[in-house]
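Okay, so here's the structure we're looking at.
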Amino acid sequence: MMMKFDQTSIKTLVLGLLLLFCSVTAAFSQEIDSTMEGLEFTEIKADTTVKDSVTATIVATSKNNNAGATEKMVVPEKEEQGLTGIFIAGFIGGLAALLMPCIFPMLPLTVSFFTKGSQTKGKAVSRALFYGLSIIVIYVVLGLLVTVIFGADALNSLSTNGIFNFLFFILLLIFAVSFLGAFEITLPSSWVNKMDANSDKGGLAGLFFMAGTLALVSFSCTGPIIGTLLVQAATSGALLGPAIGMFGFSFALAIPFALFALFPSWLSALPKSGGWLNSVKVVLGFLELALAMKFLSNVDLAYHWNWFDREVFLVLWIVIFGLMGLYLLGKLKFSHDSPVNFISIPRLMIAVIVLSFTVYMIPGLWGAPLKSISAFLPPQASQDFDLYTPTLTGGNTSAMVKHEEGPHKYADIFHAPLNLNVFFDYDEGMAYAKKVNKPVMIDFTGHACVNCRKMEANVWPDKNVYSVLNNDFVIIQLYVDDKTELAQDEKFTSAFSGKAVNTIGNKWSDFQAAKFNSNSQPYYVLLGHDEKLLVQPTGANYNAEEYLKFLNSGLSIFNK
């Protein structure tokens, strides 16, 4: 028996697929994009190393601790991977923008203009392709303007700047409220009218201005998506991030116009405009709201406000995604929503996924590691009620290494992960390592470093890794983005970069760049008591076995 699908079923299916797409890929794209998040860049002197701003590969020279030979250490900073992630995030944003109420209804209207206004199909296709190219040019130029206006140095420091992170939180909060239907973000009508008038000129110039008109008219829908994308790209630390992000966004936006111009009959398969478009907008509003929380968490950690610990963050996410699930079930309505007379199967399935994710997060309130989203959560150590961490030693406190050296410097403002004995000052940690005759592991980390949190939640708790860290190494965690002011007698001007060093973050960022010619986090350095490298340092490695080999190789050389 053949199955027949009516128009309502098609629209519901499209909505369901989009909601699934948005919910699943939002976190995925953010994680890819976060390969560069949490970096703090320090200028590298020309006479010590060479740093290319595109490949961001740092070549450092170090002496082998045993052989005494000089070797080259190549430490890639994953900027290429970061740009790929930014492009993917932009492309996903462009696909989501296509299903916005401001753009989707314009697809058949615009494509019919090309097919009916041209004498031949070839001319129609060429005009449509130029129109799509114009869209790409307009948005890429916008991305380049962000870099030009802010400058490369400013972009590199955005991810760890508390003021910018707070402004980004406010900005994303405004975008979320706009998508939820409180108001629309629009540009001055005079801009739209002037652009529209120029689109009547005809020829290629007219097509370019027609693309510009689309960008301006659809700004109320695309503005929040573009703004979010630019924020993520700008805080990635990649110089070309905003332009690459806008290229991905505009590429996804331009594809349908070219395809439907080539195959106009496809237009008949599109679902009709309706209330489902607003549902897409609202779901994106919930996702914007959840993303805004991450930026607020970064500020809270960097300035030690202690308002936004792990429980508070999780409660907010549980409520946000819970409300999203109720919205999908039609139990929550906004002013612009159409009545939901029944719940379709695809919409129900998406609601099940969202509500299941909501329930998954609930055990985190009692300390469950929630490894799939650990990169985005505040550190486990900020949890007030944690039933998980004591289980790492089987609840046996005697398994923990006992320390009688007293409180560590800065222990009142930093949290030692997993109850490990961690030092937060280099000199203090080195002195203790010599006292107990153990090698040192320096962990260059950051409050805004999602990869650092992922390592601490997914790799360090591994039974064998935890045992080595707890028993065989002295761990020194140095936060490169902390905003705590140094004591007046500890402030100095860096001989390496020539910049004033006034905060704890400045001090350790300068130390990492000057001593190890690197500025990525996490960055794990194994040292002997002579402060020389035992093995080549490494960054994030989510394979516990490989990370354990790295630790054991350094330990073996130290013991020899």
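All of these numbers come straight from a predicted model, not from anything done at the bench. Numbers here are sequence positions counted from 1.
Scanning all heavy atoms of the two residues, the minimum distance from Ser382 to Glu311 falls at O-OE1, 3.8 Å. Of all non-hydrogen atoms in Leu323 and Leu332, the two that sit nearest each other are O-CD2, 3.8 Å. Across every non-hydrogen atom of Pro417 and Gln477, the tightest pair is CD-OE1, 3.4 Å. The shortest non-hydrogen separation linking Val459 to Ala544 is CG1-CA, 4.1 Å. When all heavy atoms are compared, the tightest approach of Tyr466 to Trp460 is CB-O, 3.3 Å. When all heavy atoms of Gly325 and Leu355 are compared, the closest pair comes out as CA-CD2, 3.7 Å.
No hydrogens or angles considered: a donor-acceptor pair under 3.5 Å links the side chains of Thr484 and Asp482.
Put simply, CD1 on Ile92 and CZ on Phe87 are 10.5 Å apart, with the number rounded to the nearest 0.5 Å. Taking CG from Leu316 and CE from Met293, the interatomic distance works out to 6.0 Å, rounded to the nearest 0.5 Å. In this structure, the separation between CD1 on Ile353 and CG on Leu348 is 10.0 Å, given to the nearest 0.5 Å. The structure places CZ of Phe295 at 9.5 Å from CG of Leu171, a figure rounded to the nearest 0.5 Å. One finds the CD1 atom of Ile318 at 5.5 Å from the CE atom of Met361 (value rounded to the nearest 0.5 Å). Residue Ser297 holds its OG atom at 6.0 Å from CZ of Phe308, rounded to the nearest 0.5 Å.
Gln380 places a side-chain N or O within donor-acceptor distance of the main-chain N or O of Gly367, the cut-off being under 3.5 Å. A donor-acceptor contact shorter than 3.5 Å links the side chain of Asp337 to the backbone of Phe334. Side-chain atoms of Arg347 come within 3.5 Å of backbone atoms of Leu328 as a donor-acceptor pair (strictly under, hydrogens ignored). Although no hydrogens or angles enter the test, the distance criterion places a donor-acceptor pair under 3.5 Å between the side chain of Asp309 and the main chain of Val312. Side-chain atoms of Arg310 come within 3.5 Å of backbone atoms of Gly364 as a donor-acceptor pair (strictly under, hydrogens ignored). With hydrogens and angles ignored, the 3.5 Å screen pairs no side-chain donor or acceptor of Glu288 with any backbone N or O of Phe179. Side-chain N or O atoms of Trp366 include none that pairs as donor or acceptor with a backbone N or O of Phe385 at under 3.5 Å. Remark: side-chain polar atoms of Ser178 are not paired, donor with acceptor, to backbone N or O of Ile174 under 3.5 angstrom. Judged by distance alone, with hydrogens and angles left aside, the side-chain atoms of Asp300 form a donor-acceptor pair with the main-chain N or O of Trp307 at under 3.5 Å. Between the side chain of Glu456 and the main chain of Ser374, no donor-acceptor pair closer than 3.5 Å is present.
Proximity of the aromatic rings of His447 and Tyr479 is defined here by a centroid distance below 6.0 angstrom, and this criterion is met.
Within a 6.0 Å radius of NZ in Lys331, other residues, nucleotides and ligands contribute 12 heavy atoms or fewer.
Between Phe357 and Ile373, the closest side-chain pair of non-hydrogen atoms falls below 4.5 Å. Leu314 places none of its side-chain heavy atoms less than 4.5 Å from the side chain of Pro378. The shortest distance between side-chain heavy atoms of Thr445 and Pro522 does not fall below 4.5 Å. Counting heavy atoms from C-beta on, the side chains of Val480 and Gln512 come closer than 4.5 Å. Counting heavy atoms from C-beta outward, Ile138 and Ser250 have side chains that stay 4.5 Å or more apart. Put simply, the side chain of Phe444 does not reach to within 4.5 Å of the side chain of Ser518, judged on heavy atoms. Side-chain contact check for Asp425 versus Lys507: some heavy-atom pair is nearer than 4.5 Å. When side chains are defined from C-beta on, Asn502 does not count as touching Leu486, because their heavy atoms never get closer than 4.5 Å.
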List the steps, then state whether ring-ring contact (aromatic ring centres under 6.0 Å, His included) holds for Phe91 with Phe249.
CA-CA 5 Å; Phe91 191 83; Phe249 178 88; over 10 Å; no
Stepwise side chain to side chain contact (heavy atoms under 4.5 Å, CB included) check, Phe321 with Phe286
CA-CA 7 Å; Phe321 284 96; Phe286 280 116; over 6 Å; no
Run the side chain to side chain contact (heavy atoms under 4.5 Å, CB included) test on Val282 and Tyr327 for me, step by step, so that the C-alpha distance in whole Å, both residues' side-chain angles and the decisive distance to 0.1 Å come before the verdict.
CA-CA 9 Å; Val282 171; Tyr327 176 80; 3.5 Å; yes
For a side chain to side chain contact (heavy atoms under 4.5 Å, CB included) check, start with the C-alpha distance between Phe166 and Ile170, then their side-chain angles and the critical distance, and finish with the verdict.
CA-CA 6 Å; Phe166 188 75; Ile170 297 297; 4.0 Å; yes
Going through the checks in order, is the side chain to side chain contact (heavy atoms under 4.5 Å, CB included) test met by Gln521 and Asn451?
CA-CA 8 Å; Gln521 293 83 43; Asn451 292 330; over 6 Å; no
Decide yes or no on ring-ring contact (aromatic ring centres under 6.0 Å, His included) for His408 and Phe414, but give the supporting numbers first.
CA-CA 10 Å; His408 298 170; Phe414 297 120; over 10 Å; no
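The cationic atom of Lys454 (NZ for Lys, CZ for Arg) lies less than 6.0 Å from the six-membered ring centre of Tyr542 and within 45° of the ring axis.
Trp317 and Phe376 have tilted rings, their planes meeting at an angle from 30° to 60° on a 0 to 90° scale.
Of the candidates Thr503, Ile476, Leu478, Trp508 forms a side-chain contact (heavy atoms from CB on, under 4.5 Å) with just one, namely Leu478.
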